[in-house]
Protein chains: 2
Amino acid sequence: MPRAGLSPAAVVDHALELIDAQGPEGLTLAAVAGRAGVATPSLYKHVTGGLAELRRLIAVRVTEELAERLAESVLGRSRDEAMTALLNAYLDYAEQHPRRYAALPQAPDPDPDLTRAAARLVGVIIAVLNGYGLTGEESVHAARTVRSTAHGFASLSAGGAFRLAADLTVTRQRVIRVVVEGLRAWPEAG
Amino acid sequence: MPRAGLSPAAVVDHALELIDAQGPEGLTLAAVAGRAGVATPSLYKHVTGGLAELRRLIAVRVTEELAERLAESVLGRSRDEAMTALLNAYLDYAEQHPRRYAALPQAPDPDPDLTRAAARLVGVIIAVLNGYGLTGEESVHAARTVRSTAHGFASLSAGGAFRLAADLTVTRQRVIRVVVEGLRAWPEAG
DNA sequence: CCATAAAGCTAAGGCTAATAGCCTTAGCCG
DNA sequence: CGGCTAAGGCTATTAGCCTTAGCTTTATGG
């Protein structure tokens with residue numbers, strides 16, 4: 001039994017490959033172990049909490065990846081340009097990794113790591129909103145609006161909920177337009 | 001072994017009670033059978049396809065319930081008033097039945113019944129959009145925008161993703177405002 | 001060179017879904 | 001009224017999964 005050189009991060013890597021290939025339903029410890037070339041119980045040496053913790057780690061990883069994409073997208077931009085880039089980055093990520101995006105739990109239980117990753121993501125959005133003159137509570141409402149729209153479109157399109165023939169890229173432009181116009185016309189923005 | 005008076009619909013009823021009480025994760029045939037006062041395999045007499053079909057039936061039922069709420073909400077209203085009522089009805093449903101809403105599968109596999117229920121829901125939205133002068137492909141883009149925003153806000157708030165203290169009812173007003181303003185200013189609307 | 005901690009393994013228990021085959025109930029028809 | 005049939009129960013069984021327990025091997029540092 002040679003060592004497999006595993007680590008918590010490596011286990012998550014294998015799990016993400018599995019999710020990309022088979023969707024979140026296909027995520028089992030048995031399958032991850034198979035990919036890692038290890039017996040199922042051996043995974044517990046790296047992921048103490050078993051399947052529940054693995055899912056948690058996956059959520060953290062995906063959220064971090066997404067936050068990183070968003071942060072990169074707004075570099076050197078502001079206001080409409082930044083918001084457009086941010087929304088495109090968000091939707092690009094979901095489009096390029098639909099199953100990974102779908103692996104984000106709908107109702108994650110509280111977790112410091114996930115909270116931290118989500119806070120970074122929200123921080124990027126808030127920073128853009130500051131450029132619209134939005135601060136304090138009002139910026140929180142605006143950030144929720146941005147997240148709602150982005151997540152809704154990402155989730156529905158990744159799930160194949162848009163069945164009609166109309167071009168999705170056009171829909172994306174319309175959605176982005178609505179959000180950007182909404183921010184320009186925000187009650188307390190300028 | 002007295003008869004339990006089950007039917008596919010009754011099994012779905014029990015399943016929905018279970019989901020309301022424990023969330024979608026708690027949905028198992030064993031638990032449903034327990035509630036119905038029946039042994040697990042007996043459920044297959046009413047739901048031939050087992051757990052997979054039960055989930056499908058639940059998705060259809062919830063989508064129908066939601067579509068019904070939306071249809072009622074817009075009766076006798078048009079344009080901004082109708083769209084505001086529709087969005088409020090959508091978000092009310094998700095707020096009153098968060099686990100039921102979360103039970104909607106992220107990536108449902110194609111199914112005639114679900115397609116029909118979803119088509120009715122979309123039909124209600126399209127009808128409201130017609131009042132804005134939106135028709136054809138453009139109304140499809142607008143309907144997707146409405147669904148994205150509603151689903152995103154419903155999904156995130158039901159999942160507890162909005163952790164900051166800001167009042168959710170205010171966020172809801174802001175979101176509705178953005179959508180309504182977006183429709184008023186739609187490229188081809190009036 | 002050996003001690004020890006980390007990382008692997010097998011074995012076993014418990015839960016679930018699903019299938020197969022049998023029995024009982026309810027209702028209908030002669 | 002008797003009995004047939006179909007529907008709706010049941011138990012038993014299989015297969016797959018997660019998880020824990022306890023043993024064994026590997027790698028490493030003194």
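So you know, we letter chains A, B, ... as the sequences are listed, proteins then strands, and number each from 1.
Nucleic acid contact for A:Thr28: sugar-phosphate only, since backbone atoms but no base atoms lie under 4.0 Å from a heavy atom of the residue. B:Ala30 comes within 4.0 angstrom of sugar-phosphate atoms only, judged by non-hydrogen atoms across all strands, and of no base. Across all strands, A:Gly49 comes closer than 4.0 Å to no nucleic acid atom at all (heavy-atom distances).
Between A:Glu64 and A:Arg61 there is no salt bridge, since none of the side-chain N atoms of the basic residue sits less than 4.0 Å from a carboxylate O of the acidic one. Using a 4.0 Å cut-off between a side-chain N of Lys or Arg and a carboxylate O of Asp or Glu, A:Asp92 and A:Arg172 qualify as a salt bridge.
Which of C:dA17, D:dC18, C:dG8 sits closest to the side chain of A:Leu29 comes down to D:dC18. Taking every side-chain heavy atom of A:Pro41 into account, C:dT10 is the closest of C:dT10, C:dA17, D:dT11. For A:Lys45, the side-chain atoms get nearest to C:dA7 when compared with the rest of C:dA17, C:dA7, D:dT20. Side-chain atoms of B:Ser42 lie closest to D:dG9 of the nucleotides C:dA17, D:dT20, D:dG9.
In this structure, CG of B:Leu54 is placed 10 Å from P of C:dA18, rounded to the nearest angstrom.
Where A:Leu6 and B:Ala31 each meet DNA chain C at their nearest nucleotide, the meeting point lying more 5' is that of A:Leu6.
Checked against the 6.0 Å centroid criterion, the rings of B:Phe153 and B:Tyr90 do not qualify as a close aromatic pair.
Remark: B:Tyr101 OH to B:Glu95 CD distance equals 13.0 Å, nearest 0.5 Å.
Note on A:Tyr44: a side-chain N or O is less than 4.0 Å away from OP1 or OP2 of D:dT19.
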